[in-house]
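Data first, discussion second: the structure below is written as structure tokens.
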Amino acid sequence: MLETSPDLAGIAEWAAKPAPGGAPVDAWNPPDCGVIDMRIASDGRWFYRGTVIEREALVRLFASVLRKDEDGETYLVTPVEKLRITIDDTPFLAVEMQQTSRDGVPILVFRTNLGDVVELDAEHPVLLPREAEAEFRPSLIVRGRLEARLTRSLAMELADLLELENGRYVLRSGGAVFEGPAAGADGETA
């Protein structure tokens with residue numbers, strides 16, 4: 001049996017191997033090798049053993065082998081090991097949004113703090129609150145089950161794009177319609 005350990009260098013080595021379209025982490029089914037002392041803070045900073053990982057290139061490498069499984073846990077995954085990490089909120093932050101259109105269909109395009117570019121559509125939905133909340137905190141699916149939380153300023157920009165339809169706020173992008181919170185009697189969110 002192959003002996004594995006939560007070796008950061010080994011994970012970085014696998015992540016650095018070029019793969020067209022990114023690492024096929026969803027196709028890999030390695031054994032669960034436990035927990036690695038890595039955390040992604042809600043502000044997007046990555047920590048290893050309590051120390052911030054300063055090198056953005058290294059963070060991007062680790063992000064390329066990140067996967068969230070059906071159990072709700074997030075892992076760094078290689079063909080030979082799977083290591084659980086801690087996520088304070090979401091693994092990514094959406095930091096930029098552009099509005100465009102294709103054949104008259106509105107499209108919202110987001111860029112994450114790690115350079116992922118995501119077109120909002122049925123495959124990459126926005127997750128809007130369905131009920132009134134103290135804070136409007138939408139996120140979007142970047143890949144697999146991995147989310148990017150919109151920064152506060154982007155969330156406010158996105159809120160301005162919501163349209164009232166049948167008593168509920170909706171957002172349209174890429175041919176998909178995303179339902180948000182219900183509107184109150186005065187047209188405000190309930």
Side-chain angles (χ1 to χ4, degrees), residues 1-97 109-121 123-129 133 135-155 158:
M1 180 171 195
L2 179 65
E3 186 176 318
T4 59
S5 65
D7 175 22
L8 204 57
I11 295 168
E13 181 182 324
W14 275 105
K17 294 178 181 180
V25 295
D26 291 327
W28 294 337
N29 193 21
D32 188 334
C33 297
V35 178
I36 189 168
D37 187 6
M38 185 174 283
R39 179 176 71 91
I40 303 174
S42 59
D43 64 4
R45 291 181 302 155
W46 288 54
F47 293 82
Y48 178 63
R49 294 183 176 169
T51 302
V52 174
I53 301 173
E54 299 286 348
R55 293 183 48 212
E56 185 176 337
L58 189 57
V59 170
R60 285 179 187 237
L61 280 174
F62 291 136
S64 73
V65 293
L66 203 58
R67 181 175 85 193
K68 185 174 184 180
D69 284 357
E70 289 181 9
D71 63 5
E73 298 290 344
T74 305
Y75 300 89
L76 292 175
V77 181
T78 74
V80 296
E81 63 186 347
K82 177 169 86 169
L83 298 161
R84 195 169 35 259
I85 69 170
T86 301
I87 309 287
D88 288 355
D89 184 23
T90 61
F92 307 113
L93 293 175
V95 296
E96 183 180 0
M97 176 178 72
V109 181
F110 292 86
R111 184 179 58 80
T112 72
N113 59 318
L114 296 178
D116 294 289
V117 176
V118 180
E119 283 190 13
L120 200 60
D121 57 19
E123 187 178 329
H124 301 97
V126 66
L127 307 172
L128 297 170
E133 295 180 351
E135 187 176 7
F136 183 69
R137 299 189 67 223
S139 62
L140 63 106
I141 300 295
V142 175
R143 63 179 183 273
R145 293 178 191 89
L146 296 173
E147 295 178 39
R149 175 81 53 211
L150 275 65
T151 61
R152 177 179 228 103
S153 61
L154 267 189
L158 188 76

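Within 6.0 Å of the CZ atom in Arg145, the count of heavy atoms belonging to other residues, nucleotides or ligands exceeds 12. Heavy-atom contacts from other residues, nucleotides or ligands closer than 6.0 Å to CG of Asn29 number 12 or fewer.
Taking 4.5 Å as the limit, some side-chain heavy atom of Met38 sits within range of a side-chain heavy atom of Ile53. Contact annotation: the side chain of Leu128 approaches that of Pro138 to within less than 4.5 Å [non-hydrogen atoms, C-beta and beyond]. Contact of the Val59 side chain with the Phe62 side chain is not registered, since no non-hydrogen atoms from C-beta on lie closer than 4.5 Å. Proximity of Tyr75 to Asp32: side-chain heavy atoms (C-beta onward) are separated by under 4.5 Å at one or more points. You'll find the side chain of Leu150 stays beyond 4.5 Å of the side chain of Met97, heavy atoms only. The shortest side-chain heavy-atom distance between Tyr48 and Ile36 falls under the 4.5 Å cut-off.
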Quiz item: Checking side-chain contact (heavy atoms from CB on, under 4.5 Å) for the pair Ile85/Leu66: CA distance, chi angles, key distance, verdict?
Solution: CA-CA 9 Å; Ile85 69 170; Leu66 203 58; 3.5 Å; yes
Practice problem: Verify side-chain contact (heavy atoms from CB on, under 4.5 Å) between Asn113 and Thr151, making sure each step is shown before the conclusion. | Solution: CA-CA 10 Å; Asn113 59 318; Thr151 61; over 6 Å; no
Practice problem: Go through the steps for Phe110 and His124 under the test side-chain contact (heavy atoms from CB on, under 4.5 Å), then give the verdict. | Solution: CA-CA 10 Å; Phe110 292 86; His124 301 97; over 6 Å; no
Quiz item: Could you go step by step and tell me if Val142 and Leu140 meet the side-chain contact (heavy atoms from CB on, under 4.5 Å) rule?
Solution: CA-CA 6 Å; Val142 175; Leu140 63 106; 4.3 Å; yes
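Shown here for Pro125 and Leu120, the closest heavy-atom pair between the two residues is C-CD1, 3.6 Å. Taking both residues in full, the closest heavy atoms of Pro91 and Trp46 are given as O-NE1, 4.3 Å, listed atom of the first, atom of the second, then distance. Arg143 and Ser64 make their closest contact through NH2-CA, 3.9 Å (heavy atoms, listed as atom of the first residue, atom of the second, distance). The minimum heavy-atom distance between Asp89 and Ser42, with the atom names listed, is CB-CB, 3.9 Å.
Interatomic distance, CD of Glu147 versus OG of Ser139, reported as 3.5 Å (0.5 Å rounding). For the atom pair CG of Leu114 and CG of Leu93, the computed distance is 8.5 Å after rounding to the nearest 0.5 Å. Atom CG of Leu127 and atom CZ of Arg149 lie 8.5 Å apart (nearest 0.5 Å). The CG atom of Leu58 lies 11.0 Å from the CD atom of Glu56; values are rounded to the nearest 0.5 Å.
Side chain of Arg111 to backbone of Glu96: no donor-acceptor contact under 3.5 angstrom is found. Side chain of Arg67 to main chain of Val77: no donor-acceptor pair is present (N/O by atom type, distance under 3.5 Å, no hydrogens or angles). Using modelled atom types, no side-chain atom of Asp69 and backbone atom of Asp71 make a donor-acceptor pair closer than 3.5 Å.
The side chain to side chain donor-acceptor pair (under 3.5 Å) check on Asp88 picks up Arg39, with sequence neighbours excluded.
Put simply, the residue from Thr74, Thr90, Ile141 that forms a side-chain contact (heavy atoms from CB on, under 4.5 Å) with Leu146 is Thr74.
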